[in-house]
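Worksheet: one structure, shown below.
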Amino acid sequence: MPDLSNLSFQNLAIDSLPLAFGIIMAIIGLVFYTQGLPGRFWRRFYAVLPGIVLCCFIPATLNSLGVFAEGIGTQIYGFTATYLLPASLLLMTLSMDVPKILGLGWKAVAMFFAASIAIIISGPISLGIAKWISPEMFTDDTLWRGFSAVAGSWIGGAANQAAMKELFGVSDDLFGMMILVDTTNASLWLLAILVMAKHSDKIDKFLRADTGSIERVVAAVESYERDNARPGSLNDLMVMFGLCFAMVGLAHFLGGEIANFFSPYTWAVQYSFASSFFWMVVIITLIGVGFSFTKVRRLDHIGASKMGTVFIFILIAAIGMQINLNGLVSQWRLLLIGLLWMCIHVMIVFIVARLIRAPFFFLAVGSNANTGGASSAPIVATAFHPSLAPVGVFLGILGYAVGTIGGYVSTQLMRLVVG
């Protein structure tokens with residue numbers, strides 16, 4: 001792959017935060033505009049490259065070319081993750097049909113744990129193959145310790161990754177490289193999932209999957225929308241946004257307080273209980289689920305879940321602004337090990353899904369709840385249908401709970417294989 005840094009626009013890099021945000025919003029708007037055009041070309045184009053992929057890949061390409069000044073993407077992502085992510089979770093869960101979501105059955109959870117186990121065992125296998133091909137890379141214990149950070153992140157999230165860094169004494173420089181391995185391969189798998197989601201019917205046939213429970217949830221939501229949808233007045237919209245961001249603020253406050261309570265305890269840090277982000281996601285999700293049993297659910301009559309989907313797409317574009325494709329060249333050997341790890345993981349989850357006849361939706365969300373966590377699992381679920389976003393949230397939270405244990409087991413297996 002050519003080094004995009006040779007095409008750098010760093011001398012012209014955009015360092016204006018409003019302009020950079022305006023550009024990614026223009027990209028999203030252009031994607032949706034062309035996606036809605038009636039021409040045959042656009043229908044065929046978006047059949048191959050779904051809009052959700054372009055909303056991530058175009059900002060990633062611009063960032064890799066140096067169009068955005070360093071740190072701009074991080075600031076925009078910080079805003080979207082702090083405000084728009086929890087807002088989207090609330091707006092998309094307050095309209096959920098809890099009994100029908102629970103009726104999806106055991107296969108959703110089974111695929112999540114199958115994905116976790118696949119990551120645990122794929123790491124040692126990929127490092128073993130790398131040692132067989134290039135033994136000079138494994139002259140000491142540096143690499144298996146470094147890849148502990150990838151294991152922690154791919155089963156749990158950033159908090160679990162940090163726990164692995166401290167637990168196995170990973171240096172700051174190596175930790176930075178492993179973040180590159182983690183984010184690059186996880187982003188590639190996310191993009192692949194979003195592309196395949198467009199063809200989930202064909203994949204479900206290959207998996208011999210029973211999609212009845214998913215279809216019932218989607219049909220129930222669509223029927224509810226048809227029967228109750230109405231134009232929202234200014235009063236309706238102000239009430240919706242006022243309540244939404246008030247709950248976002250409350251979730252952040254309570255999450256911070258609970259995290260501070262657990263922070264003195266080492267075991268709590270390892271299991272993400274000292275993470276304010278973890279508790280914020282849990283709290284905002286519980287608030288949304290609670291609202292779904294009350295009259296607040298009527299906010300979906302004026303498009304609450306659609307507004308949540310808008311926020312999700314802005315989050316996707318912000319994630320793209322943080323992806324630097326130039327790292328594919330500079331750290332290619334480490335990235336190849338990570339890619340092999342991810343490929344083995346994907347192969348295992350496909351085998352398990354075919355054995356238990358799980359729908360591709362369960363495979364995709366269960367896998368990404370591990371590799372991407374609570375911030376991207378709802379994105380994957382939304383690619384299938386907005387009503388399924390709560391499933392991604394639930395499995396993403398579950399990933400935080402098992403991330404440290406799974407990362408520790410995987411790292412010990414890597415030590416046995418290459419140590």
Side-chain angles (χ1 to χ4, degrees), residues 18-63 67 76 80 84-85 87-89 91-92 95 187 190-204 214-215 217-234 236-237 240-241 244 299-321 323 360-361 364-365 376 378-389 392:
L19 179 57
F21 184 71
I23 288 173
I24 68 166
M25 291 303 297
I27 290 169
I28 296 171
L30 185 62
V31 166
F32 272 82
Y33 173 74
T34 53
Q35 191 172 248
L37 292 176
R40 181 182 297 178
F41 168 78
W42 292 112
R43 287 201 305 272
R44 291 180 176 178
F45 178 80
Y46 283 106
V48 177
L49 277 177
I52 196 170
V53 174
L54 292 178
C55 287
C56 182
F57 185 73
I58 295 176
T61 303
L62 294 177
N63 185 53
V67 172
I76 292 178
T80 58
L84 301 189
L85 171 60
S88 68
L89 297 181
L91 293 172
M92 297 174 82
S95 61
S187 298
L190 173 62
L191 291 173
I193 288 175
L194 297 177
V195 170
M196 289 189 288
K198 191 80 173 180
H199 310 283
S200 59
D201 291 344
K202 295 178 181 178
I203 299 174
D204 284 332
I214 297 174
E215 291 168 356
V217 171
V218 173
V221 170
E222 291 179 344
S223 175
Y224 180 81
E225 288 181 350
R226 281 195 306 271
D227 295 340
N228 296 283
R230 62 179 177 82
S233 66
L234 176 62
D236 292 329
L237 295 174
M240 179 175 73
F241 283 109
C244 173
L299 288 176
D300 200 46
H301 299 177
I302 59 169
S305 60
K306 289 184 176 64
M307 185 55 63
T309 305
V310 170
F311 292 161
I312 285 287
F313 272 88
I314 298 173
L315 177 69
I316 291 169
I319 290 173
M321 290 183 75
I323 298 173
F360 178 63
F361 168 71
V365 177
S376 64
I379 294 173
V380 170
T382 303
F384 291 84
H385 194 276
S387 65
L388 299 172

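Values in this document were obtained by computation on a predicted structure and should not be read as measured data. Side chains are part of it too, since the values below use all heavy atoms of this structure and drop only hydrogens, waters and symmetry mates.
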Fill in: side chain to side chain contact (heavy atoms under 4.5 Å, CB included) assessment of Thr382 paired with Thr309
CA-CA 7 Å; Thr382 303; Thr309 305; 3.9 Å; yes
Distance from [X] atom [atom1] to [Y] atom [atom2], nearest 0.5 Å?
X: Ile316; Y: Thr80; atom1: CD1; atom2: OG1; answer: 10.5 Å
X: Leu315; Y: Cys56; atom1: CG; atom2: SG; answer: 9.5 Å
X: Ile312; Y: Leu84; atom1: CD1; atom2: CG; answer: 9.5 Å
X: Leu299; Y: Phe241; atom1: CG; atom2: CZ; answer: 10.5 Å
X: Met196; Y: Ile203; atom1: CE; atom2: CD1; answer: 5.5 Å
X: Ile24; Y: Leu62; atom1: CD1; atom2: CG; answer: 10.5 Å

Within a strict 4.5 Å, meaning less than it, do heavy atoms of the [X] and [Y] side chains meet?
X: Leu54; Y: Phe45; answer: yes
X: Met307; Y: Leu237; answer: no
X: Phe361; Y: Asp204; answer: no

Compare every heavy atom of [Y] with every heavy atom of [X], then report the nearest pair and how far apart it is.
X: Leu91; Y: Ala304; result: CB-O, 3.3 Å
X: Cys244; Y: Ala87; result: SG-CB, 3.5 Å
X: Ala197; Y: Ala383; result: CB-CB, 4.2 Å
X: Val380; Y: Phe384; result: O-CD1, 3.1 Å
X: Met321; Y: Ala20; result: CE-CB, 4.2 Å

Side-chain donor-acceptor contacts of residues 25-37 below 3.5 Å, not counting sequence neighbours, with atom names and distances?
unit_1	atom_1	unit_2	atom_2	d
Thr34	OG1	Leu30	O	2.9
Thr34	OG1	Val31	O	3.0
Thr34	OG1	Tyr46	OH	2.4
Gln35	OE1	Gly51	N	3.4

Discussion item. Taking side-chain hydrogen bond (donor to acceptor under 3.5 Å, both in side chains) as the definition, give me every residue that meets it alongside Asp236, ordered by chain and number, with sequence neighbours left out.
Written reply: Arg230, Ser233
Discussion item. Is there a side chain to side chain contact (heavy atoms under 4.5 Å, CB included) between His385 and Ile214? Walk through the geometry before answering.
Written reply: CA-CA 10 Å; His385 194 276; Ile214 297 174; over 6 Å; no
